[in-house]
Number of protein chains: 2
Amino acid sequence: MPTDKNIDLTISDGHASAPPKAAKKILDVAYDLFYRRGIRAIGVDEIVKRAGVTKPSLYRSFPSKDELAASYLRQYDLEYWERFDEAVAAHPGDPRAQIKAFLTRIGKRTQVADYRGCGMTNAAVEYPDHNHPARVVSEANKQELRRRLRGMAVAMGAQDPDTLGDGLLLLIEGAYISGQLFGLGGPAQAVARNADLLIEASLKK
Amino acid sequence: MPTDKNIDLTISDGHASAPPKAAKKILDVAYDLFYRRGIRAIGVDEIVKRAGVTKPSLYRSFPSKDELAASYLRQYDLEYWERFDEAVAAHPGDPRAQIKAFLTRIGKRTQVADYRGCGMTNAAVEYPDHNHPARVVSEANKQELRRRLRGMAVAMGAQDPDTLGDGLLLLIEGAYISGQLFGLGGPAQAVARNADLLIEASLKK
DNA sequence: TGACAATGTTACCGATCGGTACGTATACAT
DNA sequence: ATGTATACGTACCGATCGGTAACATTGTCA
């Protein structure tokens, strides 16, 4: 796939009332459907129908359904780090508070009916093949998450920062999954509390 | 589904050299393929082909593919609690050691190439609909896991047993998912260590 | 006005999906 | 040996899958 038809997804083009591009409508609808119901569960016919476009339009903007799924995850990735950076920016120089803010937010998000967890995690479960375009995006996102958490564990002064960083990642992934498994009142609401306990137990005394 | 065609899956029938029943071959193959590659990813044609049987044979023993998936998970459930009970039996009266043994085993299992996590968790991700036969089995399994972990947290003398039990569940689910996301050297290898830290921090002092 | 790019329309492709109608073989009891 | 029930195979179903060919329509800018 040397072409990059699906790179340009600019929201606006300067002029005020430009009609929304087909590619954007398609990606928006695919985002919603892929996330809520799963990538394999959604056919391209349903996407184009809900987007009010036709199938050739989809395939003019995206080389394949798999690549559309990868585009969905790239968009997800962007918004993911936005949320992460918000929590970080809210507590400058205080990684422990940053983690707590991020996890509190996750814990809250999991406590809504029909919560569907992390789109990245779900995609990796749907596509075990490491070469699948969607999975490539997913794995990169998780590697980056691990990198950041370990870095914050260092900044917190953990005795064994890699272990603490990984422990936090396990709690986070557990919250994503438990959120969709248990629904309201599930274990995911305890993620921030447990993370703080784990951090406390992992600091140099 | 008032019929129960798929209930009887007895291994042996008393006589010595009875030929393996078609239903068992089908379930064995389905177990392997569903677990390794995902339920949605596997068609019934591939199952019957690999099992050396034909499609009508499958549908004589199982009312539908969805019910076959549920049967796969019921088998998974049996073996899951076998492993769990082994860890428990290895350390009578010592819930902390029981947890450690169980998690050490999970941590090890995650450190093999192409590890695919927990079949229950994966099925729930593949089928968001709470009424899907496979998901019903999956949710029941997770509820039971939560119940047991919370009970063990009580037995350990935790300050807040529900929080600790849920924290352990989050770590376990995180290990399942991270194991398949990161492969060798991933965060899942730190699950037992982090659980022990969390337990230590959660006990009444 | 003319040219271009984007989108729409319709119809279609081969492959695979889950599932079944129906005839045939095999085993066992009488 | 024959009847009967159970297990199995051949062949097929309609629906949907992801993807495409060919052409008409539109809006924009020069």
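Predicted model, so just to flag it, every value in this text is computed and none were measured. Naming: A, B, ... by sequence-line order, numbering from 1 per chain.
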Just say parallel, tilted or perpendicular for the rings of A/Y31 and A/Y76, cut-offs at 30° and 60°.
parallel
Should B/T54 be listed as having a side-chain N or O under 4.0 Å from OP1 or OP2 of D/dC8?
no
Quick test of your reading of the model: are B/K49 and B/D45 salt-bridged, counting only N-O distances below 4.0 Å?
no
Looking at B/K142, B/R147, B/R146, which one forms a side-chain hydrogen bond (donor to acceptor under 3.5 Å, both in side chains) with B/E144?
B/R147
For the pair made of NZ in A/K21 and P in C/dA6, what is the distance, rounded to whole Å?
8 Å
How long is the line joining NZ of B/K49 and C1' of D/dT10, in whole Å?
17 Å
Less than 4.0 angstrom from a charged side-chain N to a carboxylate O is my criterion; do A/D196 and A/R96 meet it?
yes
One thing to verify: whether A/E126 and A/R135 come together as a salt bridge, which I'm taking to mean a side-chain N less than 4.0 angstrom from a carboxylate O.
no
Table of protein N/O atoms under 3.5 Å from nucleotides 17-22 of chain D N/O atoms:
residue : atom : partner : partner atom : Å
D/dG18  : OP1  : A/K65   : NZ           : 2.9
D/dG18  : OP2  : A/V44   : N            : 3.0
D/dG19  : OP2  : A/Y59   : OH           : 2.6
D/dG19  : OP2  : A/K65   : N            : 2.7
D/dG19  : O5'  : A/Y59   : OH           : 3.4
D/dG19  : N7   : A/K55   : NZ           : 3.0
D/dG19  : O6   : A/K55   : NZ           : 2.3

